[in-house]
Number of protein chains: 2
Amino acid sequence: MSDKKTDGTSRRVRVEDVARVAGVSPITVSRALSNPEKVKEETRQRVAEAVAQTGYVVNSFASTLRSGRSSIITVFVSSLQNPHYAASIQGLIDALEGSRFRLMFAQTGFSVDADSDLFNSLMSFRPAAVVLSEGVRSESLRNTLTDFDVPVLEMWDDDPDPIDMLVGFSVADASRMVGEHFAEQGFRHVAYFGHSSGRTAERLTGFRAGLARHGIDEVYVHSFEGTGTMMMGMSAFEEIVTEHPDCDAIFFATDLLATGALLRAREMGIDVPGRVAIAGFGDLDYAAHTQPPLTTIHVSAYELGKDAGQMLLKRLDTGPLPNRRLIRPVRLEARGSTAR
Amino acid sequence: MSDKKTDGTSRRVRVEDVARVAGVSPITVSRALSNPEKVKEETRQRVAEAVAQTGYVVNSFASTLRSGRSSIITVFVSSLQNPHYAASIQGLIDALEGSRFRLMFAQTGFSVDADSDLFNSLMSFRPAAVVLSEGVRSESLRNTLTDFDVPVLEMWDDDPDPIDMLVGFSVADASRMVGEHFAEQGFRHVAYFGHSSGRTAERLTGFRAGLARHGIDEVYVHSFEGTGTMMMGMSAFEEIVTEHPDCDAIFFATDLLATGALLRAREMGIDVPGRVAIAGFGDLDYAAHTQPPLTTIHVSAYELGKDAGQMLLKRLDTGPLPNRRLIRPVRLEARGSTAR
DNA sequence: TTGAAAGCGCTAACAA
DNA sequence: TTGTTAGCGCTTTCAA
């Protein structure tokens, strides 16, 4: 037990205090704690006892200032309520467990501005690395991050030319799988609901490519902006089946949208997949348990984050990596909602 | 635009450099940035230009070391993959947006050890406050946190005697609602599946209390240890209906368990709620969309985190609060799975 | 309203 | 293997 606060004064304990108790100099205490192998066993022991007795905890602000080695990794996440990102962050956390690095969170919405107070406030901690839960589109932010000369890792993206490091998966490949699956199941009049511009539009491009391999060139495209909700999936489903009576399969850009569609279909008495097949993207926890089970693209979010953490550790340990892009595989989970 | 790296040398810019460019002393630069009202408008302007020109960003390690005011809030979360915790953390993040505080994450599993390297490493940042996503049970951790004399906020708990501050809800009240609801719906032979010891066992206590108000004193109790999964819900359901053929309603300690039960019921051809009613706890996103929709207890996780953030800001701004416990209301979502 | 001097607590560099 | 000296970059205190 420590008696760090036997009296009322909770004045913090400093190396100097520990040194006095151990009968050594301050630098020896410092060494005993951060480079134990450079200190004689017996001395190390005495220091350890003095640390326990005084309840000493190093002051990171002083040590980092002096050493110039920050142990903070800054993380930008658009939303922790997105289960994919939450899982990736957990993977990152787990990969970093046991290392000297600590994660600092950026309180940010969907976009980060390079000139913002937030950004400066975060950079004031001179992070050892910066992790972004999404690929960075803003040119100014890319430049600023490059200028800061700090290791940067982008997740959930497959930019061929990342700022620095990247761990992601190919959205185009994944969507192509859905296109091929639809064609192979014999669907001929297919629809897509998702973004039609911006980076997420790659879903549509890949989807078309997969269909084209089987000679299907027409896709009923319905698009929206912003974040998809279950409600949007519901109304989109109704709109699509009404406008295109011959439509026999719909690819939704997210599981949430697809789930809404399943619900609306049930309400409308439309058989899935008998009359229309439905596929989603992301493989949320419950996707295998919807009625019927949802065909979707599985992305291993947790492992993605863990890979990111491992790549980061290697980079921080041994310097720039030969391979700065890691594209993880995805797989199609073919389930009842698209079965023929 | 800044030209912070026109040459190859990326030596960091310091106040001194900004001071030289602005033609003032370093301390004036410091004041212009952190106490602008104490600097003449014109001077402030010159400093601002010099900052932009040099790309200066303050060094938090130096400023915090000197000022003694840390802007770091440490957060302990057992898992970000728990959507309730993820939502609360997002609420916390949002509440703190715009403030000077930054969140640092503890890489921790289910428990935190006061003597661990992790704990020391976090305390080395001399956090302005510590937030815990769960109530702290370990006596030694409670003592250590008390000794550090740092504001502490526990979430998702209703300990009558928190370490410092607390934002949570009454688990016992919530479970009592389920008990009363079961009785009101006319169920007479009820079962409980969840923990039967430790703090989470309050679910059982409250549940019993609610039933007792309506004269029901017997509960078939089936318990487990650790973290509940959908699979466990599945097998528990089978076990309970087999062992107690007269059982007409089951209260599961989490939605995940209850969802597993719904699936198993469907597989076994057992009608819910016709033959057995099922209730869960937590109101996960999809609870309203299961088949049948799941009766459960709704806890506003996001708002809970937001309240925590606001309480924290007030505490850090104006000192100890008169009211350190905030017990948020919960509500029963009575849905199809318990309808009579 | 601005500045000079000092020092927050630690560890790098050098010395013994 | 241990110690001495100095200084990381900033802001507090005191003075002008």
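Labels below follow one simple rule: chain letters A, B, ... track the order of the sequence lines, proteins then strands, and each chain is numbered from 1. Note that the structure is a prediction, hence the values are computed from the model and not measured.
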Nearest atoms (heavy-atom pairs only) where Phe76(B) meets Ala106(B) = CD2-CB, 3.4 Å
What integer distance in Å separates Leu33(A):CG from dT11(C):P?
-> 8 Å
Is the closest basic N to carboxylate O distance between Arg14(A) and Asp17(A) below 4.0 Å?
-> yes
Nearest whole angstrom, please: distance from the P of dA15(C) to the NZ of Lys38(A).
-> 16 Å
Has Thr43(B) got a side-chain N or O lying under 4.0 Å from the OP1 or OP2 atom of dT2(C)?
-> yes
Test: Arg142(A) and Asp159(A) ion pair at under 4.0 Å = yes
Which atom names give the shortest non-hydrogen contact between Leu316(B) and Pro151(B), and what distance separates them?
-> CD2-CG, 4.1 Å
Across all chains, not counting sequence neighbours, the ring-ring contact (aromatic ring centres under 6.0 Å, His included) partners of Phe105(A) are Phe105(B)
To the nearest angstrom, how far is Phe125(B) atom CZ from dG9(C) atom P?
-> 17 Å
Verify the contact: side-chain N or O of Thr28(B) to OP1 or OP2 of dT2(C), cut-off strictly under 4.0 Å; return yes or no.
-> no
Does CZ belonging to Arg100(A) count more than 12 external heavy atoms closer than 6.0 Å?
-> yes
Going 5' to 3' through nucleotides 8-16 of chain D, assign each nucleotide B (protein heavy atom under 4.0 Å from a base atom), S (under 4.0 Å only from sugar-phosphate atoms) or - (no protein heavy atom that close).
-> BBBBB----
